[in-house]
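No experiment lies behind these values; they were computed from the predicted model shown.
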Amino acid sequence: MKEGPDIARIAALIGDPGRANMLTVLMGGRALTATELAAEAGIAAQTASSHLAKLVEAGLIAVSKAGRHKYFTLTDGDVAAALEALMGLAARQGHLRRTPGPRDPGLRQARQCYNHLAGDMGVQMLDSLLAHGFLIGVGEDLAPSPAGAEFFTGFGIDLPGLARSRRPLCRSCLDWSARRAHLAGSLGQALLETICAKGWALRVTDSRAVRFSPAGLAAFAASFGGSDGGSFLAQA
């Protein structure tokens, strides 16, 4: 008998097109009903229910009840990170589900990966935080520096509160479109929430896209400026 983790079962669950579509939809971070997921995946409600039961049993998604309704979400950031990595692998190998449409440029620029900012702007934000020394470390081993703690507090983030949480504070997540890392973890989530609270950007309904206003792009470039900041402003 072979020893070690058995990836075959997880791979088989993700490999079904219907289940893969539902998992991808949940990458937007929203809690959705079985009916909503069935519509997004283009499958029958009964089929969706069967798929969801298997995904819950495997620990890939979680279910919660609110009144008569059940809502499904990804279990945690580890599941989201695994799916994002698979998206990157599929993109690199040319396995695309459809020809890129008019919404794709927006998704490449800025989108929500589970609960944090991804796309070109997510990559630029992490690059800027590392270049300014606000985050230190290599790979997934990242942590705020003293200067970074001052920056994040000034940005409006309760860093001590995040640090007391059981969730990882900083994690790098491979971006499937940029093929480079963006910031995940509770700090990545807090940064996206604060960006939206400041009015710089809005989460697009029924999409993973995050849309920045012209003023928001300028404010983002001022806070997380880099060599790409001008290109984002030019697209506004």
Side-chain angles (χ1 to χ4, degrees), residues 26-31 59-64 66 71 73-85 110-175 178 180-204 208-213 215-226 228-229 232:
L26 291 175
M27 286 286 287
R30 294 179 299 148
L60 295 178
I61 63 174
V63 58
S64 59
Y71 292 90
T73 60
L74 296 183
T75 303
D76 53 31
D78 286 340
V79 177
L83 293 172
E84 186 84 354
R111 66 179 181 278
Q112 186 168 320
C113 173
Y114 186 48
N115 57 17
H116 52 269
L117 183 64
D120 293 339
M121 295 183 73
V123 170
Q124 177 182 313
M125 183 169 68
L126 177 56
D127 284 350
S128 174
L129 294 172
L130 290 169
H132 285 86
F134 295 153
L135 290 177
I136 54 177
V138 178
E140 289 194 359
D141 188 18
L142 299 174
S145 66
E150 183 177 348
F151 170 81
F152 295 125
T153 299
F155 197 71
I157 292 174
D158 178 13
L159 194 61
L162 295 181
R164 288 193 296 269
S165 170
R166 289 187 174 183
R167 293 179 54 202
L169 180 62
C170 302
R171 295 188 62 177
S172 63
C173 181
L174 181 64
D175 196 288
R180 295 174 55 210
H182 57 247
L183 182 64
S186 60
L187 180 57
Q189 178 180 359
L191 282 166
L192 177 57
E193 290 175 350
T194 304
I195 284 170
C196 292
K198 289 177 180 290
W200 296 2
L202 294 172
R203 297 177 176 91
V204 179
R208 293 176 61 195
V210 176
R211 183 172 299 153
F212 280 75
S213 67
L217 285 170
F220 183 91
S223 294
F224 307 105
D228 297 330
F232 295 140

**Message:** With a 6.0 Å cut-off (strictly less than), is the heavy-atom count around CZ of Arg167, excluding the residue itself, greater than 12?
**Reply:** yes

**Asked** Rounded to the nearest 0.5 Å, how far apart are CG of Asn115 and CE of Met27?
**Response** 10.0 Å

**Message:** Using 0.5 Å steps for rounding, measure from the CG atom of Leu126 to the SG atom of Cys170.
**Reply:** 9.0 Å

**Item:** Audit row: Val79, Ile61, side chain to side chain contact (heavy atoms under 4.5 Å, CB included) steps and yes/no
**Value:** CA-CA 8 Å; Val79 177; Ile61 63 174; over 6 Å; no

**Request:** Using the six-membered ring of Phe220, assess whether NZ or CZ of Lys198 lies under 6.0 Å from its centre and within 45 degrees of the ring axis.
**Result:** no

**Fill in**
Hits for side chain to side chain contact (heavy atoms under 4.5 Å, CB included) against Ala163, two or more places apart or cross-chain, chain-then-number order -> none

**Prompt:** Can you check side chain to side chain contact (heavy atoms under 4.5 Å, CB included) on Arg203 and Leu192, steps first, answer last?
**Reply:** CA-CA 10 Å; Arg203 297 177 176 91; Leu192 177 57; 3.8 Å; yes

**Fill in**
Gly119 and Arg111 have their tightest heavy-atom pair at CA-NH1, 3.5 Å

**Prompt:** Are the side chain of Asp175 and the backbone of Arg180 linked by a donor-acceptor contact shorter than 3.5 Å?
**Reply:** no

**Request:** State, with a plain yes or no, whether a side-chain heavy atom of Pro160 is found less than 4.5 Å away from one of Leu162.
**Result:** no

**Request:** Go through the steps to decide whether His116 and Arg171 satisfy the test side chain to side chain contact (heavy atoms under 4.5 Å, CB included), and finish with yes or no.
**Result:** CA-CA 11 Å; His116 52 269; Arg171 295 188 62 177; over 6 Å; no

**Message:** Looking at Thr153 and Ala149, would you say the former's side chain and the latter's main chain have a donor-acceptor pair under 3.5 Å?
**Reply:** yes

**Item:** Distance (rounded to the nearest 0.5 Å) between Leu117 CG and Leu191 CG
**Value:** 9.0 Å

**Complete:** Between Val210 and Ala201 the two heavy atoms that sit nearest each other are CG1-CB, 3.7 Å

**Fill in**
Sequence neighbours excluded, the answer for side chain to side chain contact (heavy atoms under 4.5 Å, CB included) partners of Pro146 is none

**Item:** Pair Phe155 + Phe224: ring centers closer than 6.0 Å
**Value:** yes

**Asked** Which class fits the ring pair Phe134 and Phe152: parallel under 30°, tilted 30 to 60°, perpendicular over 60°?
**Response** perpendicular

**Item:** Straight-line distance of Leu129 CG to Leu142 CG, nearest 0.5 Å
**Value:** 9.5 Å

**Prompt:** Could you state the interatomic distance from CG (Leu83) to CG (Leu74), rounded to the nearest 0.5 Å?
**Reply:** 6.0 Å

**Prompt:** With sequence neighbours excluded, what pairs up with Ala81 under the side chain to side chain contact (heavy atoms under 4.5 Å, CB included) test?
**Reply:** Cys173

**Asked** Minimum heavy-atom separation for Leu135 to Leu130, with atom names?
**Response** O-CD2, 3.5 Å

**Item:** Shortest non-hydrogen contact between Ala118 and His182, atoms and distance
**Value:** CB-CE1, 3.4 Å

**Request:** Please confirm whether the backbone N or O of Gly133 pairs with a side-chain atom of Ser145, one donor and one acceptor, at under 3.5 Å?
**Result:** yes

**Item:** OG1 on Thr73 to CG on Leu60, rounded to 0.5 Å
**Value:** 11.5 Å

**Fill in**
Tyr71 and Ala66 have their tightest heavy-atom pair at CE1-CB, 3.8 Å

**Minimal non-hydrogen separation, Ser223 against Trp200, with atom names** = OG-CH2, 3.5 Å

